[in-house]
Amino acid sequence: ASAGNYLFDGVGLGDFGIESDRGRLAPRVAGLIQHRLQQLLDENRLPEYRRLMALRPNLLRGFDESLQTQGPNPMASFLERMQCVGPLRSLQGTQPVLLAACAGDDAALAGLLRVRADVNAREAR
């Protein structure tokens with residue numbers, strides 16, 4: 001795998017010679033991600049925060065699902081996690097529909113499509 005693929009491969013999906021290592025590694029990976037998210041918030045780097053939040057479920061694949069939480073309204077929960085103002089509003093150039101697609105969050109994506117999120121909108125640079 002190339003260096004650029006690491007963001008899309010869940011660490012927990014790797015081959016572990018000792019299966020209990022997977023469980024011991026899970027909170028450390030989740031902690032590293034959480035630390036970076038807090039750092040991005042503290043620096044007011046919201047586009048990067050949203051991207052990492054969108055990638056977080058993929059990064060935690062293969063670990064205990066309790067590391068990922070989702071409320072009763074998947075779209076609302078997703079928008080809250082991403083700190084989005086609304087489902088159709090671009091925040092600093094990033095569309096919520098793009099973040100949901102990157103996260104692989106089918107339920108949030110379905111909700112965004114129901115409210116007519118623009119799937120053809122481009123990310124501003």
*Asks:* Identify the two heavy atoms, one from Arg22 and one from Phe63, that lie closest to each other, and give their separation to 0.1 Å.
*Replies:* O-CE2, 3.4 Å

*Asks:* Okay, side chain of Arg28, backbone of Arg24: is any donor-acceptor separation there less than 3.5 Å?
*Replies:* yes

*Asks:* Considering only heavy atoms from C-beta outward, does the side chain of Met53 approach that of Leu99 to under 4.5 Å?
*Replies:* no

*Asks:* CG/Leu59 to CZ/Arg36 distance, rounded to the nearest 0.5 angstrom?
*Replies:* 13.0 Å

*Asks:* Taking the side chain as every heavy atom from C-beta outward, state whether Arg56 and Leu60 have any pair of such atoms under 4.5 Å apart.
*Replies:* yes

*Asks:* May I ask you to test the Leu25-Val11 pair for a side-chain heavy-atom distance under 4.5 Å?
*Replies:* yes

*Asks:* Heavy-atom distance under 4.5 Å between the side chains of Ile33 and Leu55, does that happen here?
*Replies:* no

*Asks:* Quick one: do Glu48 and Arg51 make a salt bridge, cutoff under 4.0 Å?
*Replies:* no

*Asks:* Please round to the nearest 0.5 Å and tell me the distance separating atom CG of Leu112 and atom CD of Gln95.
*Replies:* 10.0 Å

*Asks:* How many angstroms lie between CG in Asp118 and CG in Leu98, if you round to the nearest 0.5 Å?
*Replies:* 11.5 Å

*Asks:* Is Phe78 close to Leu109 at the side-chain level, that is, under 4.5 Å between some pair of heavy atoms?
*Replies:* no

*Asks:* Could you tell me whether the side chain of Asn58 and the main chain of Cys102 form a donor-acceptor pair under 3.5 Å?
*Replies:* yes

*Asks:* Minimum heavy-atom separation for Pro57 and Ala103, please, with both atom names.
*Replies:* CB-O, 4.1 Å

*Asks:* Working to the nearest 0.5 Å, report the span between CG of Asp21 and CG of Asp15.
*Replies:* 12.5 Å

